[in-house]
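These figures come from a predicted structure and were not determined experimentally.
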Amino acid sequence: MEGVAPAVSLFRPRPSARFPVLLAADSVAARRSPSADGWSGVSMRSLETSPPRAGRSAVRKHGSTESAPRRSGITRVPRLGPAVSTKRAGRRKDPLINLEVSRHRAAVAAVRLLRIEKGKAFVDLLNEKANDSGDNEMGYVERTLGFSTRYLEDWDIRLVTVIVAGTVRWKRYLDYLIMSLCSEEKVFREMEPLLLQILRIGFFEILKLDVPAYAAVDENVRLAKVALRPGAGNMVNAILRKLLLLKIEGDDRAQARALSIIYSHPVWMVRRWIRLHGKDEALRLMNWNNSDPRFSLRVNTSKGYTRADLVKQLESLQVHHEESVMDEFVRIQEGMQAVLQAGLLKDGMCAVQDESAGLVVSVVDPQPGDTIIDCCAAPGGKTLFMASRLSRQGKIRALDVNKGRLRILMDAAKQHSLDDMITDIHADLRLYAKETTAKYDKVLLDAPCSGLGVLSKRADLRWNRQFEDLEELMCLQDELLDSASTLVKPGGILIYSTCSIDPEENENRITTFVQRHPEFTIQNVCGYVPTEFLTDEGFYSSTPTKHSMDGAFAARLVRSMH
């Protein structure tokens, strides 16, 4: 990858005539551990609890111990703040204080991270002891980096605590990003531990703490230069600026690649959302998909229950809930396990169903006496809700190509005491439509789709879908729409719905359908759903970031009488 110096100048040196093994003139020397641990630049002994030893430093893996040279930017000055104890033999009273590291908290954070990773220290203990062990803290910094920093103020200590805890928590995520921006995986795998910690800190500050870019880059580049060597600082600068470039300024492809890694979504999906909705909305969608899913419960009114009955049960179970825009629904953020254990689903008091699906049923508007066919019915949530609204007057045919899922639907119908109103049909809609002469008052086609509106609940879908799948799905949706339209009575209603937020699967399918079938006209869904779910074209649409529910779409079409 461009902009990253060759690995040989940044990592463990190998003996050669052009590259001496002794790097004392280009690095802060560090004491070598007696064990053959194979890492350079930082002393393993410095991470242990042994007392500091003055006047000594070491070179890299192939070098020998000798004095660290005096370098620009390091000078002996009186310590600012409380003096470090000098009781131990050989401890100098005026340790080197590096004035180049203006953001000295990064140095302390990096050393703590090394102690956690290499010295097996505990995060909470380091953070807990930080306020009352300044001497020890500065001692570790001096022994590890070869110089001291100023003592930290209270607010600096608090920030170090946040940085260390957050970097440990997000370690795998940060490492993946860093590796992706290195020239090759080997560069990352052979990276010096201190250099890796500095990069982790920089990435965490930029991505999770919203530290201004210039501050995060300057702070960590300076630390890498004085704690390791200029080449290491150049590498930190290059990688952090790559992150910023991809995150802020890159072209569409580069931005999508960066955001797909940061927010864990396929590149094609990110690019499509940025193009359709803009970057800000795309980021909100990905954040929603990565958050814990929210669930809704629909009370089973066909058994005589009301929402008040369900709320009372939830209160007794101490499950926090919110009322929905729909009379039959209640939202819960947590507590699904308690609902299951209490048997509320098994007893048929309620069902798990998202409000977005319930609003599709509102677009269908089942009325007593209606004959309805649900063309892709399984697993049956909409079928059961429609049946419960018929007040035991009317019939519903539940058609699906999957026999096993139809069986689950009929079991649920018995559980909800609705099996006498629902008849299952195991068939492919396209074949069924050619063979039957039956016509229905209302035909619901909840079509197979990409599922881009339900990714918070179906995390696997984002990886199982490819851009090419959309083209195939759209062809299938058109075929199913054409077949479903033949089942509608003159004057009857055809409802097309998906759980997608992609206009190609939604509005565009209706536009092309009406062009093929002039006997159908679009009917505005105003009056069937709250106005906040209405589109300018008269369709129903729910969006996760706007409505805090799954994304869904529905169109209502009326067949002419002739």
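- Between the side chain of Ser483 and the backbone N or O of Leu431 there is no donor-acceptor pair closer than 3.5 Å.
- No salt bridge links Asp419 with Lys414; every basic N to acidic carboxylate O contact stays at or beyond 4.0 Å.
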Chi angles and distances behind the side chain to side chain contact (heavy atoms under 4.5 Å, CB included) call for Ile396, Thr423:
CA-CA 6 Å; Ile396 294 183; Thr423 303; over 6 Å; no

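- For the pair Lys303 (side chain) and Asp347 (backbone), a donor-acceptor distance under 3.5 Å is present.
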Could you walk me through whether Tyr528 and Leu359 pass the side chain to side chain contact (heavy atoms under 4.5 Å, CB included) check?
CA-CA 8 Å; Tyr528 295 102; Leu359 286 165; over 6 Å; no

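- Cys182 and Phe188 make their closest contact through SG-CB, 4.2 Å (heavy atoms, listed as atom of the first residue, atom of the second, distance).
- At least one donor-acceptor pair closer than 3.5 Å links the side chain of Asn506 to the backbone N or O of Asp502.
- Within the 4.5 Å cutoff, side-chain heavy atoms of Val270 are placed close to those of Ile274.
- Two residues are said to be in side-chain contact when any heavy atoms from C-beta on lie closer than 4.5 Å; Ser450 and Leu470 meet this criterion.
- Taking CG of Leu557 as the reference point, atom NE2 of His517 lies at 10.5 Å (rounded to 0.5 Å).
- Looking at Arg397, its side chain never comes within 3.5 Å of a backbone N or O of Ile425 through a donor-acceptor pair.
- Ring planes of Tyr496 and Phe553: perpendicular class, angle over 60° (limits at 30 and 60°).
- Side-chain contact between Leu455 and Leu285: absent, with no pair of heavy atoms (C-beta onward) separated by less than 4.5 Å.
- Between the CD atom of Glu355 and the CE atom of Met549 there is a distance of 4.0 Å, given to the nearest 0.5 Å.
- The existence of a salt bridge linking Arg392 and Asp420 is confirmed by a sub-4.0 Å separation between a basic side-chain nitrogen and an acidic carboxylate oxygen.
- Contact annotation: the side chain of Val443 never approaches that of Ile493 to less than 4.5 Å [non-hydrogen atoms, C-beta and beyond].
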Between Leu384 and Arg298, does a side chain to side chain contact (heavy atoms under 4.5 Å, CB included) hold up when you go through it step by step?
CA-CA 11 Å; Leu384 297 178; Arg298 176 179 59 80; 3.9 Å; yes

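- Closest of all the heavy-atom pairs between His416 and Ala351 is CE1-CB, 3.8 Å.
- When all heavy atoms are compared, the tightest approach of Tyr432 to Ala427 is CB-CB, 4.2 Å.
- Between Leu243 atom CG and Ile178 atom CD1 the span is 9.5 Å, to the nearest 0.5 Å.
- Within the 3.5 Å criterion, the main-chain N or O of Gln466 finds a donor-acceptor partner in the side chain of Asp469.
- Note that OG of Ser497 and CG of Leu445 are 7.0 Å apart. Values are rounded to the nearest 0.5 Å.
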List the steps and the verdict of side chain to side chain contact (heavy atoms under 4.5 Å, CB included) for Leu452 and Met269.
CA-CA 9 Å; Leu452 295 180; Met269 202 176 289; 3.7 Å; yes

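- Formation of a donor-acceptor pair under 3.5 Å by the Thr301 side chain with backbone atoms of Tyr305 is not found in this model.
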side-chain hydrogen bond (donor to acceptor under 3.5 Å, both in side chains) evaluation trace for Asn289 with Ser456
CA-CA 4 Å; Asn289 294 339; Ser456 68; 5.2 Å; no

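- Looking at Gln393 and Ser391, their side chains never bring a donor and an acceptor atom within 3.5 Å of each other.
- Scanning both residues, Val361 and Pro366, for their nearest heavy atoms gives O-CD, 3.4 Å.
- The local environment of CD in Glu315 is crowded, with over 12 non-hydrogen atoms from other residues, nucleotides or ligands closer than 6.0 Å.
- For the pair Lys395 and Tyr440, the cation does not sit on the ring face, since its NZ or CZ is not both under 6.0 Å from the ring centre and inside 45° of the axis.
- Taking 4.0 Å as the cut-off between side-chain N and carboxylate O, Asp460 and Arg462 do not count as a salt-bridged pair.
- How far CD1 of Ile495 is from CE of Met386: 8.0 Å, rounded to the nearest 0.5 Å.
- Checked by atom type, the side-chain pair Ser296/Asp354 shows no donor-acceptor distance below 3.5 Å.
- Heavy-atom contacts from other residues, nucleotides or ligands closer than 6.0 Å to CG of Asp292 number 12 or fewer.
- Atom CD of Gln415 is separated from atom CG of Asp411 by 8.5 Å, given to the nearest 0.5 angstrom.
- With Asp428 contributing its side chain and Val401 its backbone, the two residues share no donor-acceptor pair below 3.5 Å.
- Looking at Glu205 and Asn220, their side chains do bring a donor and an acceptor atom within 3.5 Å of each other.
- Within a 6.0 Å sphere centred on CD of Glu532, heavy atoms belonging to other residues, nucleotides or ligands number more than 12.
- Thr306 and Asp309 share a side-chain donor-acceptor pair at under 3.5 Å.
- Salt bridge status for Lys546 with Glu281: absent, with no side-chain N to carboxylate O gap under 4.0 Å.
- No option in Glu505, Glu472, Arg509, Glu504 other than Glu505 meets the side-chain hydrogen bond (donor to acceptor under 3.5 Å, both in side chains) test with Gln477.
- Salt bridge Arg331/Glu323: absent, no basic N to carboxylate O contact under 4.0 Å.
- Inter-residue side-chain proximity for Trp268 and Arg465 is flagged as met; some heavy-atom pair is nearer than 4.5 Å.
- Between the side chain of Ser388 and the backbone N or O of Asn300 there is no donor-acceptor pair closer than 3.5 Å.
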Verify salt bridge (charged side-chain N to carboxylate O under 4.0 Å, His left out) between Arg200 and Glu117, making sure each step is shown before the conclusion.
CA-CA 13 Å; Arg200 285 170 177 165; Glu117 186 163 298; 2.7 Å; yes

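- Under the 4.5 Å side-chain criterion, counting only non-hydrogen atoms from C-beta, Leu487 is in contact with Leu429.
- Between the side chains of His426 and Asp400, not a single donor N or O lies within less than 3.5 Å of an accepting N or O.
- With a 4.5 Å cut-off on side-chain heavy atoms, Val211 and Phe204 do not count as touching.
- When atom types are taken as modelled, the side chain of Thr436 and the backbone of Ala433 share no donor-acceptor pair closer than 3.5 angstrom.
- For CD of Glu471, the number of neighbouring non-hydrogen atoms (other residues, nucleotides, ligands) closer than 6.0 Å is 12 at most.
- Taking all atoms of both residues into account, the shortest heavy-atom contact from Thr535 to Ser541 is CG2-CB, 3.5 Å.
- Within the cation-pi definition used here (under 6.0 Å to the ring centroid, within 45° of the axis), Arg307 does not qualify as a partner of Phe329.
- Residues Ile373 and Leu444 form no side-chain contact, since every pair of their non-hydrogen atoms from C-beta on lies 4.5 Å or further apart.
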Going through the distances and angles, do Glu435 and Arg430 end up as a salt bridge (charged side-chain N to carboxylate O under 4.0 Å, His left out)?
CA-CA 9 Å; Glu435 297 169 356; Arg430 292 166 293 187; over 6 Å; no

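- Of all heavy-atom pairs between Ser260 and Val267, the closest is OG-CG2, 3.3 Å.
- Using modelled atom types, no side-chain atom of Ser542 and backbone atom of Ser356 make a donor-acceptor pair closer than 3.5 Å.
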